[in-house]
There are 2 protein chains.
Amino acid sequence: MAYTLDSTDKKILNILQNEGRITTKALAERLNLTTTPVFERIKRLEKNGIISKYAGILNEKLIDRKLTVFISISIKDHARTYVENFLKEMESIPEVMEVYHIAGNYDFLVKVMMKDMEAYQKFVLNRLSVINNIDHVQSSFVLTKNKYTTAFELS
Amino acid sequence: MAYTLDSTDKKILNILQNEGRITTKALAERLNLTTTPVFERIKRLEKNGIISKYAGILNEKLIDRKLTVFISISIKDHARTYVENFLKEMESIPEVMEVYHIAGNYDFLVKVMMKDMEAYQKFVLNRLSVINNIDHVQSSFVLTKNKYTTAFELS
DNA sequence: GGTGAAATCCTTCTGTT
DNA sequence: AACAGAAGGATTTCACC
């Protein structure tokens with residue numbers, strides 16, 4: 001790695017991962033430091049890309065995106081152009097939140113979040129099934145989200 | 001829904017989802033508004049739980065969590081106590097980032113992020129295989145993360 | 001690595017339309 | 001719903017340890 005995180009960096013990151021809008025001053029008080037070193041450390045962590053962004057996380061139920069589906073997809077032709085075409089297509093669809101190239105029974109795992117089953121049907125019909133390189137598709141519908149975090153526990 | 005989001009709310013949310021630490025003043029300037037209405041709208045969106053939190057998002061490669069695995073798990077006994085026991089166990093493991101109860105070929109989808117394959121082996125051996133209600137486990141190793149966003153496109 | 005202080009900028013509230 | 005203005009805080013830089 002470019003450099004190592006000391007215990008103060010880790011404490012800062014553990015807090016910022018869960019309270020991204022905390023003031024530097026409040027963060028400094030929790031660590032029993034003054035604002036200057038904390039300010040400088042945060043700026044450094046941002047500049048080095050360790051903190052890649054700050055995200056306001058919305059409650060999907062309250063903005064009418066109640067349906068989450070994980071779609072396992074295998075493709076027929078694994079030639080580069082076909083794979084890139086598939087990925088470009090997925091990239092352009094706003095309801096597609098995540099796309100992973102995976103090793104295992106399928107080639108890709110795709111997470112979509114949408115309003116309801118009708119929207120999902122339309123997505124499959126109009127966006128997925130029109131890609132003619134697709135071999136097999138298996139949809140896993142999320143019944144409950146039992147755990148979800150973007151925060152790593154740094155120690 | 002409790003109330004509807006107007007177009008100003010949506011613009012605020014679209015920005016805060018991607019720039020969670022932006023100042024109210026800078027946000028207001030982008031919308032050609034003064035700080036007061038923007039400040040009040042943000043507070044309301046937070047209070048109503050539409051914005052559930054602000055998260056600093058870290059680059060997993062730079063903090064030594066290069067391996068992501070999606071684990072599909074089916075359980076033998078679906079009695080409530082067994083399910084709750086499984087979920088409690090997953091909840092307590094920091095490398096487990098996400099757990100979904102799903103409908104489909106498996107019962108649960110679990111996302112873990114760890115240092116390397118050795119750490120994953122230890123996780124399977126010491127945390128997963130000791131749960132004796134587990135029937136079948138299928139691991140999908142992430143080769144590349146092609147798309148990842150926590151932001152919904154509100155319009 | 002850290003502190004303290006000063007200038008600047010932002011937040012937050014009140015009064016007004 | 002939004003604006004303008006003001007007081008109190010926070011950010012950011014700088015000199016110093």
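Basis for what follows: all heavy atoms, side chains included, without hydrogens, waters or symmetry-related copies. Letters go in sequence order (proteins before strands), and every chain restarts at 1. Just so we're clear, the structure is a prediction, and the values are computed from it rather than from any experiment.
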Determine, for B:K88 against B:E91, whether the closest basic-nitrogen to carboxylate-oxygen distance falls under 4.0 angstrom. no
Closest to the B:K43 side chain: C:dT12, D:dT11, D:dC3? C:dT12
To the nearest Å, how far apart are A:R30 CZ and D:dA10 C1'? 16 Å
Would you mind reading off the distance between A:I12 atom CD1 and C:dG1 atom C1', rounded to a whole angstrom? 12 Å
From CD1 of B:I42 over to P of D:dA1, roughly how many Å is that when rounded to an integer? 16 Å
Regarding B:T23, tell me which of base, sugar-phosphate or nothing describes its non-hydrogen contacts under 4.0 Å with the strands shown. sugar-phosphate
If you check the B:T36 side chain, which of D:dA4, C:dT11, D:dA2 turns out closest? D:dA4
d(CG, B:L33; P, C:dT11) in whole Å: 15 Å
Atom CG of B:L27 and atom P of D:dA2 are separated, to the nearest Å, by 13 Å
Using atom CZ of B:R21 as one end and atom C1' of C:dC10 as the other, report the distance to the nearest whole Å. 13 Å
Most 5' of A:T35 and A:E40 on DNA chain C, judged by nearest nucleotide: A:E40
Sub-4.5 Å side-chain heavy-atom contact between A:E95 and A:K122: no
Just to be sure I understand the rule, does B:T24 reach a base, reach only the sugar-phosphate, or reach nothing, if contact means heavy atoms closer than 4.0 Å? sugar-phosphate
Does a salt bridge link B:E29 with B:K25, judged by any charged N lying under 4.0 Å from a carboxylate O? yes
In whole angstroms, how far is the C1' atom of C:dT8 from the NZ atom of A:K25? 17 Å
Is a side-chain N or O of B:T144 found less than 3.5 angstrom from the main chain of B:N146, in a donor-acceptor match? no
Check every atom of D:dT12, C:dT14, D:dA2 against the side chain of B:R41 and return the nucleotide holding the closest atom. D:dA2
Sidechain-backbone polar pair: B:S139 side chain, B:I71 backbone, donor-acceptor under 3.5 Å: no
note: A:F39, atom CZ; C:dG2, atom C1'; distance rounded to Å ~ 16 Å
